Amino acid sequence: MKILVLGATGRTGHLFTQKALDEGHVVTAYVRNPDKARILLGTHPNLTITPGTLDDAEQLAAASSGQDVMVSILGQKASIREFLHSTFLQERLPLIMQTVTGAGVKHCILLSAYGVGDTVRTASLPMRLVCKVIMRGIFTDKVKADALVAEYQPYISRAHPGRLTDKPGKGGVKVFDMASVERTPGIPTIAREDVADALLTIAKNPQNAGTDFLVTTGDVALHSPQK
Ligand SMILES: NC(=O)c1ccc[n+]([C@@H]2O[C@H](COP(=O)([O-])OP(=O)(O)OC[C@H]3O[C@@H](n4cnc5c(N)ncnc54)[C@H](OP(=O)(O)O)[C@@H]3O)[C@@H](O)[C@H]2O)c1
């Protein structure tokens with residue numbers, strides 16, 4: 001599989017990129033800081049590091065051409081002001097989706113978060129409070145950005161993990177169609193390494209396009225199957 005990665009220099013992004021390369025995939029890391037990417041990712045025969053910014057549609061289109069899938073693992077280093085009122089994704093996602101799908105990539109995986117949008121309905125009370133109070137600015141940005149790219153929904157898979165840690169992965173990460181999830185307990189927490197595994201699992205099946213996924217190593221109550 002040929003994978004275009006946005007955010008390959010991030011804490012989750014570099015783990016994903018390494019895993020994709022380890023599995024034999026061909027990866028293009030589209031990064032604003034190629035020196036950082038070279039230090040983090042090293043060299044690999046299947047890795048291309050392409051310098052470019054997210055507002056450079058021409059460069060991003062060239063990087064997108066011929067890719068099977070795009071994985072966006074972008075995140076912002078938010079100041080307190082931005083944390084309270086972020087527009088990071090609203091400003092960037094529409095051009096990214098327009099450019100990447102316009103170049104022919106029909107499966108785009110976006111790393112979102114558990115508790116964003118409708119996913120909060122399945123969360124516990126403590127998790128809802130975290131989403132509605134502490135994470136409100138960042139999550140509102142994600143919801144508004146998702147609305148701006150609604151026309152590309154059939155091409156988008158969103159991954160919704162809980163709170164991320166840099167601990168070693170537990171392995172055995174589970175990926176559930178959000179529509180099948182009834183409830184999760186407590187405040188779900190997951191290692192970035194496990195999220196990287198889940199993103200690769202989602203990326204490998206083009207039929208996942210159009211679906212939102214809960215990504216978890218914890219407990220989940222699922223809706224009972226319809227009789
Ligand atoms: N933290 C949590 O508990 C949590 C929970 C659920 C979901 N998430 C979501 O997970 C995602 C990734 O999180 P993370 O902690 O792995 O992120 P991270 O380590 O902060 O990495 C962010 C990545 O985005 C890139 N980036 C940021 N601004 C950019 C810009 N203007 N242009 C180009 N690239 C830019 C960074 O590039 P540089 O290296 O060049 O800066 C880096 O590669 C985020 O969307 C976050 O909301 C987080």
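This is a predicted model, so every value here is computed, not measured. Indexing begins at 1, ligand by ligand and atom by atom, following the structure's order.
Residue Arg163 approaches ligand 1 through these ligand atoms, each under 4.0 Å from one of its heavy atoms: 3 (O). The contact set between ligand 1 and Ala113, taken as ligand atoms under 4.0 Å from a residue heavy atom, comprises 6 (C), 7 (C).
Contacts between Arg32 and ligand 1, counted as non-hydrogen atom pairs separated by less than 4.0 Å, involve the side chain only. With a 4.0 Å heavy-atom cut-off, ligand 1 is reached by no atom of Tyr114. Residue-level proximity to ligand 1 for Thr12 is carried by backbone and side chain together, each with a heavy atom below 4.0 angstrom.
Among protein heavy atoms, atom 25 (C) of ligand 1 sits closest to Leu74 CD2, 3.8 Å. From the protein, the heavy atom lying nearest to atom 20 (O) of ligand 1 is Lys77 NZ, 3.3 Å. The protein heavy atom nearest to atom 47 (O) of ligand 1 is Lys142 NZ, 2.8 Å. Here the protein heavy atom with the shortest distance to atom 7 (C) of ligand 1 is Ser112 O, 3.1 Å. The protein heavy-atom contact nearest to atom 37 (O) of ligand 1 is Thr9 OG1, 3.3 Å. With respect to atom 33 (C) of ligand 1, the closest heavy atom belonging to the protein is Leu54 CD1, 3.5 Å.
Of the N or O atoms in Lys36, one or more lie within a sub-3.5 Å distance of an N or O in ligand 1. Checking only distances, Gly75 does come within under 3.5 Å of ligand 1, N or O to N or O. At least one N or O atom of Arg192 sits closer than 3.5 Å to an N or O atom of ligand 1.
Connection of Ile49 to Phe16 is established within a shared hydrophobic cluster, with ILVMFWY side chains joined at heavy-atom distances below 4.5 Å, either directly or through further cluster members.
Checked by atom type and distance alone, the side chain of Ser180 pairs as donor or acceptor with a backbone atom of Asp177 at under 3.5 Å.
Thr9 and His14 are not linked by any side-chain donor-acceptor pair at a separation below 3.5 angstrom, with hydrogens and angles left out of the test. Residues Thr50 and Gln59 bring no donor and acceptor atom of their side chains to less than 3.5 Å of each other. Looking only at atom types and distance, the side chain of Glu182 has no donor-acceptor partner in the side chain of Thr122 under 3.5 Å away. Side-chain polar atoms of Glu91 and Thr87 form a donor-acceptor pair below 3.5 angstrom. At a cut-off of 3.5 Å, with distance as the only test, a side-chain donor of Asp212 or His160 sits close to an acceptor on the other residue. Between the side chains of Gln153 and Arg158, a donor-acceptor pair is found at a separation under 3.5 Å.
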query: Run the salt bridge (charged side-chain N to carboxylate O under 4.0 Å, His left out) check on Glu193 and Lys170 step by step: do they pass?
result: CA-CA 8 Å; Glu193 195 179 348; Lys170 288 183 180 175; over 6 Å; no
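Under the 4.0 Å criterion applied to side-chain N and carboxylate O atoms, Glu23 and Lys204 are assigned as salt-bridge partners.
Which of Leu164, Leu110, Asp166, Asp35 comes nearest to atom 48 (C) of ligand 1 through a heavy atom is settled by distance: it is Leu164. The residue among Val31, Leu111, Leu15 with a heavy atom at the shortest distance from atom 10 (O) of ligand 1 is Leu111. Among Gly162, Gly10, Ser86, the residue whose heavy atom lies closest to atom 6 (C) of ligand 1 is Gly162.
The OG1 atom of Thr101 sits 6.5 Å away from the OH atom of Tyr155 when rounded to the nearest 0.5 Å.
At least one heavy atom of Arg92 sits closer than 4.0 Å to an atom of ligand 1.
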